[in-house]
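Numbering starts at 1 and runs along the sequence shown. Note that this is a predicted model, so its numbers are computed, not measured.
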Amino acid sequence: MLYKNANLFYNGTFIPGSFAVEAGRFTDVRPDPRPQAEGVDLGQCRVIPGLVDIHTHGNSGADFSDGSLEGLETMARYLAKNGVTSFAPTSMTLPYETLSKAFATGRALADDRPADCARVMGINMEGPFFSEKKKGAQNGAYLRAPDLAAFRKLYDGCGGLLRIVDVAPELDGAEAFAREASKFCTVSAAHTDADYEAACRMFDAGARHVTHLFNAMPPLHHRKPGVIGAASERPEVVAELICDGLHIHPSVIRAAFMLFPGRICIISDSLRCCGMPEGEYELGGQQVYLKGRLATLADGTIAGSASNLYDCLLVTIGCGIAPETAILSSTLLPARELGRDDEIGSIEDGKFADFIVCGENFERRAVYLGGEKIE
């Protein structure tokens with residue numbers, strides 16, 4: 001099937017273009033309009049790749065850590081309808097046996113995906129290797145020291161689908177853990193009170209990612225640069241940013257894109273309350289209260305978000321970030337962090353034909369998964 005007359009997001013910019021879809025993949029992607037060819041006329045609508053969320057816990061009342069395949073499918077259907085065509089379901093700080101069960105559901109959906117579900121392209125292991133002081137909404141009862149054997153058991157148990165593992169740099173053994181775990185997946189600094197020196201040691205050992213920049217870590221101080229300072233000066237380190245309009249002030253969103261040029265991944269950090277009404281929900285064995293769009297623990301600690309990644313993309317653009325930059329930060333860059341950019345993240349020949357047809361202001365009009373329209 002040929003799609004023509006598109007305002008196509010191609011090689012980081014919008015151009016008049018066209019593309020074909022064969023066997024669920026892009027083919028014959030061209031930076032030209034081909035006005036005379038037979039095919040679907042997109043009427044100069046913007047066409048962008050399907051979004052990739054590398055940090056999402058849940059939505060629609062379901063949470064990845066529940067270990068329910070039905071719940072994970074519910075999450076994946078919601079994401080796909082909202083333009084998030086690939087994702088890495090993200091765990092919480094919980095017992096290893098609970099994580100193992102959840103990771104098995106991730107593997108099952110990755111191997112046998114219903115056509116209307118977003119693709120599971122990795123798993124993000126957020127916890128339990130965190131600082132007590134900066135645990136945030138993670139359950140302190142299950143915090144553990146970095147444990148390579150436990151990590152390898154979980155990694156092998158899901159057939160290598162585990163693509164990001166989080167660890168606080170100041171913990172005993174963090175440097176050695178990063179050196180070995182980085183041979184298997186992306187290692188991320190997270191939920192940490194580390195100073196600049198400890199962060200540098202872990203980045204030097206192989207970590208190259210920062211989980212939800214600014215959240216659950218010390219602020220950037222002019223005499224104590226901490227994780228933020230250490231990460232910003234290393235061109236190989238990519239940072240996540242929760243752009244739901246609540247976790248990060250618009251000024252700080254703009255600053256982050258300047259501190260990490262070409263190295264920001266927009267994430268949702270969404271919880272099971274995403275897509276749900278106000279009320280009381282559960283997160284890693286703790287109660288979360290959703291009021292308006294804000295999700296907090298009982299003590300007022302802000303938890304994850306109630307927004308999906310497409311909404312976060314719109315917030316980011318609304319903060320003054322160039323649309324092209326924001327799109328790359330929610331498509332190709334996160335795909336690279338999962339090591340899946342040969343399959344997803346851009347409109348290129350041979351990649352999965354996952355794309356979104358948008359209006360001029362990025363209002364979503366249709367979502368396609370493998371070339372099949374789902375909304």
What one should report as the nearest heavy-atom pair of Asn361 and Leu314 is O-CD2, 4.4 Å

I'd like to check Val21 versus Glu372 (side-chain heavy atoms, cut-off strictly below 4.5 Å). Are they in contact?
no

State, yes or no, whether a side-chain contact exists between Arg77 and Cys117 at a heavy-atom distance under 4.5 Å.
yes

For residues 140-161, which residue pairs pass the ring pair (Phe, Tyr, Trp, His ring centres under 6.0 Å) check, not counting sequence neighbours?
Phe151-Tyr155, Phe151-Phe177, Tyr155-Phe184

Would you say CD of Glu70 has more than 12 non-hydrogen atoms from neighbouring residues, nucleotides or ligands within 6.0 angstrom?
no

Is Leu143 isolated, or which residues cluster with it under the ILVMFWY side-chain rule of less than 4.5 Å, directly or via members?
Phe130

Quick one: do Tyr196 and Phe203 end up in the same hydrophobic cluster if we chain Ile, Leu, Val, Met, Phe, Trp and Tyr together by side-chain heavy atoms under 4.5 Å apart?
no

I'd like to check Ile347 versus Leu8 (side-chain heavy atoms, cut-off strictly below 4.5 Å). Are they in contact?
yes

Just wondering, are more than 12 heavy atoms of other shown residues or ligands nearer than 6.0 Å to CD in Glu22?
no

Between side-chain atoms of residues 246-262 and protein atoms elsewhere (two or more places apart, or another chain), which donor-acceptor pairs fall under 3.5 Å?
{"from": "His247", "atom 1": "ND1", "to": "Asp244", "atom 2": "OD1", "distance (Å)": "3.4"}
{"from": "His247", "atom 1": "ND1", "to": "Asp244", "atom 2": "OD2", "distance (Å)": "2.9"}
{"from": "His247", "atom 1": "NE2", "to": "Ala303", "atom 2": "O", "distance (Å)": "2.8"}
{"from": "His249", "atom 1": "ND1", "to": "Ser251", "atom 2": "N", "distance (Å)": "2.9"}
{"from": "Arg254", "atom 1": "NH1", "to": "Cys319", "atom 2": "O", "distance (Å)": "2.8"}

Measuring from Asp156:CG to Ser100:OG, what's the distance to the nearest 0.5 Å?
11.0 Å

side-chain contact (heavy atoms from CB on, under 4.5 Å) for Asp204 and Arg234? Distances and angles first, verdict last.
CA-CA 10 Å; Asp204 290 342; Arg234 285 169 163 74; 3.0 Å; yes

Tell me if a side-chain donor or acceptor on Ser270 pairs with a main-chain N or O of Ser305 at a distance below 3.5 Å.
no

Could you tell me whether the side chain of Leu42 reaches within less than 4.5 Å of the side chain of Val47, counting heavy atoms only?
yes

In this structure, would Leu161 and Leu148 fall into the same cluster of hydrophobic residues linked by side-chain contacts under 4.5 Å?
yes

Could I get the full list of side-chain hydrogen bond (donor to acceptor under 3.5 Å, both in side chains) partners for Ser232, not counting sequence neighbours?
none

Is it the case that over 12 heavy atoms from other parts of the model lie below 6.0 angstrom from the CD atom of Gln44?
no

OG-CG distance between Ser307 and Asn82, expressed to the nearest 0.5 angstrom
10.5 Å

Determine whether a donor-acceptor pair (N or O, by modelled atom type, separation under 3.5 Å) exists between the side chain of Ser346 and the backbone of Leu332.
no

Say whether, by atom type as modelled, one donor and one acceptor occur between the side chain of Asp349 and the main chain of Asp28 under 3.5 angstrom.
yes

Going by heavy atoms in the side chains, are Phe362 and Leu313 under 4.5 Å from each other?
no

List the residues meeting salt bridge (charged side-chain N to carboxylate O under 4.0 Å, His left out) with Glu343, not counting sequence neighbours, and say none if there are none.
Arg340

Under 3.5 Å, is there a donor on one side chain and an acceptor on the other for Asp269 and His55?
yes

Under a 4.5 Å cut-off applied to non-hydrogen side-chain atoms, are Leu369 and Asp354 in contact?
yes

Specify the closest pair of heavy atoms between Arg364 and Gly83, including all atoms of both residues, with the distance to one decimal.
CD-N, 4.0 Å

Tell me whether Met276 is reachable from Leu79 by hopping between hydrophobic residues (I, L, V, M, F, W, Y) whose side-chain heavy atoms are closer than 4.5 Å.
no

What is the distance from atom CD1 of Ile327 to atom CG of Leu333, rounded to the nearest 0.5 Å?
12.5 Å

Same cluster (ILVMFWY, side-chain, under 4.5 Å), Met217 and Val165:
yes

Taking all non-hydrogen atoms of both residues into account, name the closest pair between Val167 and Pro146 and its distance.
CG2-CG, 3.7 Å

Tyr310 side chain near Cys358 side chain, heavy-atom distance below 4.5 Å
yes

Are the ring centres of Tyr3 and Phe355 closer than 6.0 Å?
yes

Would you please name every residue forming a side-chain hydrogen bond (donor to acceptor under 3.5 Å, both in side chains) with Asp53, sequence neighbours left out?
Ser268

Considering non-hydrogen atoms only, spot the tightest contact between Ser182 and Ala205 and give its length.
OG-O, 3.9 Å

Phe87-Phe64 aromatic ring centre distance below 6.0 Å:
no

Mind checking the CG-CG spacing from Leu283 to Leu271? Nearest 0.5 Å is all I need.
5.5 Å

Would you mind listing every side chain to side chain donor-acceptor pair (under 3.5 Å) that reaches into residues 85-97, with sequence neighbours excluded?
Thr93-Gln138

Pro169 and Ala198: which non-hydrogen atoms are nearest, and at how many Å?
CB-O, 3.8 Å

Is there a path of hydrophobic side-chain contacts, each under 4.5 Å between heavy atoms, that joins Leu294 and Val315?
no

So, do Arg263 and Val237 sit near enough that their side-chain heavy atoms are less than 4.5 Å apart?
yes

If you round to the nearest 0.5 Å, how far is CD of Glu348 from CZ of Phe26?
9.5 Å

If you apply the rule side-chain contact (heavy atoms from CB on, under 4.5 Å), what do you find for Phe9 with Glu324, and how did you get there?
CA-CA 8 Å; Phe9 189 70; Glu324 294 84 354; 3.9 Å; yes

Should we count CG of Asp172 as having more than 12 external heavy atoms under 6.0 Å?
no

CG-CE distance between Leu99 and Met92, expressed to the nearest 0.5 angstrom:
10.5 Å

Grouping ILVMFWY residues whenever side-chain heavy atoms fall under 4.5 Å, the cluster of Phe352 otherwise contains Val52, Ile54, Met121, Ile164, Ile242, Ile267, Leu338, Ile344

Could you tell me whether Asp341 and Lys351 make a salt bridge, using a distance below 4.0 angstrom between a side-chain N and a carboxylate O?
no

Can you sort out the partners of Glu360 under side-chain hydrogen bond (donor to acceptor under 3.5 Å, both in side chains), two or more places apart, ordered by chain and number?
Arg46

Kindly state each residue pair satisfying side chain to side chain donor-acceptor pair (under 3.5 Å) with at least one member in residues 205-219, sequence neighbours excluded.
Glu126-His212, Asp166-Thr211, Thr186-Arg208, Ser188-Thr211, His191-His212, Arg208-Glu337, His209-Glu240, His209-Glu337

Looking at residues at least two apart in the chain, or sitting in another chain, which of them share a side-chain contact (heavy atoms from CB on, under 4.5 Å) with Lys133?
Ser131, Asp193

Please report the closest heavy-atom contact between Pro114 and Glu73, naming both atoms and the distance.
CG-OE2, 4.0 Å

Side-chain (Arg272) to main-chain (Glu282) donor-acceptor, under 3.5 angstrom:
yes

Among residues at least two apart in sequence or on other chains, which ones pass side-chain contact (heavy atoms from CB on, under 4.5 Å) with Cys45?
Val357, Arg365

